[in-house]
Amino acid sequence: MKKLSTTALLGGFIALLVLAWGANLLFGAGLPAGDTLWVIRAEALTLSGLLAVGLMSLIMVLATRPVWLEKPLGGMDRIYRAHKWAGILAGIAVLLHWGADEAGGPIKALIGRSGKVVREHGPELYESLLHLGKEMGEWALYPLLGLILLTLLRWFPFKPWRLLHRVMPALYLMGVFHGLLLAPLAWWQQPVGWIMGLLIAAGSWGALLSLLGRIGKQRLYQGEILALEQPAADVTEITCRMEAPWPGHRAGQFVFLTLHDREGSHPFTIASAPREDGQITFAIKALGDYTRNLAARLQVGQSVRVEGPYGCFDFRGEKPQVWIAGGVGVTPFLAGLEALGQAPATPVSLHYCSRSLATDPFAAQLQTLATGLSGVRLQLHDTDRDGPLTVEKLLQQEPQLAGSDIWFCGPSGFARALQTGLKARGLGQVPFHQEAFEMR
């Protein structure tokens with residue numbers, strides 16, 4: 001099944017809203033009466049408002065972690081990528097909406113109020129709430145734009161960002177109240193209004209789930225820590241036993257793991273194959289303040305919460321497979337090797353790239369897992385000594401790369417370099433499955 005890209009999803013979504021707005025002009029109410037500049041301003045307000053509310057509604061739906069969208073979009077990591085870019089586009093739409101509103105002043109100075117589009121009047125209750133609706137939009141505007149900006153500033157700490165992000169559903173509901181009151185009354189008798197109503201209903205449902213803390217509750221399971229190890233100073237290995245009714249997982253999937261309530265949940269790939277006893281293992285690399293001191297904060301017997309599993313990075317396919325791992329991106333491949341058994345269904349070549357193989361805790365583990373597996377070839381790359389793995393080096397070791405599937409997990413810059421190299425050599429059609437592990 002061909003996956004729907006983030007560009008196609010968001011492009012199609014925006015096109016749908018623009019077409020609905022255009023159809024309303026052509027076959028519905030038509031352009032309002034007034035001077036050209038005032039009419040342009042009025043339609044810019046309505047279109048930008050429709051896009052802002054529509055995209056924000058999409059954000060709220062995607063934030064509920066809809067499992068039914070994993071297959072068409074290619075996994076929960078792709079859903080979060082769409083969530084992020086929908087937020088950026090919504091911010092642009094909000095800015096355009098604000099700009100169209102502010103354009104009233106210059107237009108009035110240029111041609112006066114003569115020819116200004118006359119607003120439709122509705123029931124008395126509607127009129128009494130109209131001013132409040134306008135105020136709600138202004139109150140939500142600046143915090144919303146601020147949160148989107150903080151999302152883009154990668155240096156801003158994750159923990160305060162996550163706490164601030166919790167107000168997003170409330171800001172959305174304020175924006176919805178603004179949109180419901182300020183949208184043209186004639187819209188509600190046209191397809192554009194019906195689409196907007198459906199989006200608002202779905203987005204409001206998602207916002208309420210978030211505010212009530214219900215997101216992911218149906219996929220939340222309890223477990224306890226069975227063992228703790230530190231194979232290296234910057235790696236903590238945690239083995240957990242999950243309680244029934246843990247449904248199990250596929251090798252390569254990830255979960256949202258909660259080790260301490262105050263810290264909240266974090267996404268981690270399961271580094272072990274499915275086991276009948278319900279045990280799962282995580283190999284967590286120290287990448288921040290919390291994970292740097294993780295081993296000292298945990299103890300055997302401690303309870304944990306696991307939400308999931310999620311993801312479609314599960315090595316399915318009939319072609320020969322080339323696995324490429326960089327650093328801690330090796331974790332899904334640890335599970336993949338363990339799950340292969342004695343003979344994989346298709347030949348597998350695993351290329352693991354490490355800055356220093358001599359001190360890397362995963363290198364020896366990979367060699368142990370690959371030993372005795374027919375059809376599996378392991379290649380270890382020391383990047384400090386030999387330089388990064390390039391497409392030229394890869395082709396030297398994988399001459400049949402054109403007929404393979406590539407599964408990649410590692411730094412995004414590494415992935416871009418490989419994809420650019422593949423396209424430059426006419427191999428852009430080779431399937432490149434990438435774990436897009438960026439939840440922000």
Side-chain angles (χ1 to χ4, degrees), residues 1-28 40 43-100 144-145 147-149 151-152 168 172 175-176 179 183 187 190-203 206-207 311-313 412 415-416 419-420 422-423 428-440:
M1 176 180 178
K2 187 174 177 61
K3 307 302 182 185
L4 185 65
S5 69
T6 299
T7 301
L9 170 68
L10 297 179
F13 185 81
I14 290 173
L16 172 65
L17 296 180
V18 173
L19 285 173
W21 167 78
N24 179 68
L25 290 182
L26 291 175
F27 309 111
I40 291 174
E43 289 307 312
L45 275 169
T46 54
L47 177 58
S48 59
L50 173 63
L51 291 173
V53 171
L55 287 164
M56 289 295 295
S57 298
L58 179 61
I59 291 169
M60 291 297 110
V61 172
L62 295 178
T64 64
R65 299 173 189 156
V67 179
W68 56 274
L69 277 178
E70 282 206 288
K71 283 189 176 180
L73 292 185
M76 190 59 64
D77 53 333
R78 295 300 197 281
I79 290 175
Y80 268 86
R81 174 184 285 180
H83 172 85
K84 171 186 174 179
W85 282 102
I88 293 171
L89 293 172
I92 294 172
V94 168
L95 277 175
L96 292 174
H97 188 70
W98 173 82
L144 174 63
L145 293 177
L147 282 174
I148 293 174
L149 178 61
T151 300
L152 296 175
M168 185 67 81
Y172 165 77
V176 161
W187 272 19
Q190 300 292 331
V192 63
W194 307 337
I195 292 173
M196 185 175 176
L198 286 173
L199 289 172
I200 286 175
C312 297
F313 195 84
S412 56
R416 286 193 296 270
Q419 289 176 304
T420 299
L422 288 169
K423 290 178 181 178
Q429 80 286 354
V430 176
F432 194 97
H433 308 273
Q434 180 184 358
E435 185 85 299
F437 229 147
E438 293 183 2
M439 300 299 170
R440 171 181 170 184

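Worth knowing before you read on, the calculation uses all heavy atoms, side chains too, and leaves out hydrogens, waters and symmetry mates.
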Between atom CD of Glu43 and atom CG of Asn24, what is the distance when rounded to the nearest 0.5 Å? 8.0 Å

Which pair of heavy atoms, one from Val192 and one from Ala20, lies closest together, and at what distance? CB-O, 3.6 Å

Pairwise salt bridge (Lys or Arg N to Asp or Glu O under 4.0 Å) hits with a residue in residues 46-70, at least two apart: Arg65-Glu307

Would you say the side chain of Leu144 lies within less than 4.5 Å of the side chain of Met168, judging by non-hydrogen atoms? yes

Pairwise side-chain contact, Trp98 with Leu145, heavy-atom cut-off 4.5 Å (strictly under): no

Any side-chain heavy-atom pair of Phe13 and Leu58 under 4.5 Å: yes

Is there a side-chain contact between Trp21 and Leu25, using heavy atoms and a 4.5 Å cut-off? yes

For the residue pair Cys312 and Gly74, what are the closest heavy atoms and their distance? CB-O, 3.7 Å

Which pair of heavy atoms, one from Leu50 and one from Leu17, lies closest together, and at what distance? CD2-O, 3.5 Å

Using side chain to side chain contact (heavy atoms under 4.5 Å, CB included), reason through Ile92 and Leu51 one step at a time and then give a plain yes or no. CA-CA 9 Å; Ile92 294 172; Leu51 291 173; over 6 Å; no

On a heavy-atom basis, which atom in His433 and which in Phe313 lie closest, and how many Å separate them? O-CE1, 3.6 Å

Residues which pass side-chain contact (heavy atoms from CB on, under 4.5 Å) with Gln434, listed by chain and number, not counting sequence neighbours: Arg78, Phe408, Ala415, Gln419, Phe432

Distance-minimising heavy-atom pair for Ile88 and Ile148: CA-CG2, 4.3 Å

Please find the pair of heavy atoms, one from Val94 and one from Ala52, that lie closest to each other, and give the distance. CG2-CB, 3.9 Å

Stepwise, does the side chain to side chain contact (heavy atoms under 4.5 Å, CB included) test hold for Leu199 with Val61? CA-CA 9 Å; Leu199 289 172; Val61 172; over 6 Å; no

Those residues at least two apart in sequence (or on a different chain) that pass side-chain hydrogen bond (donor to acceptor under 3.5 Å, both in side chains) with Thr6 are none

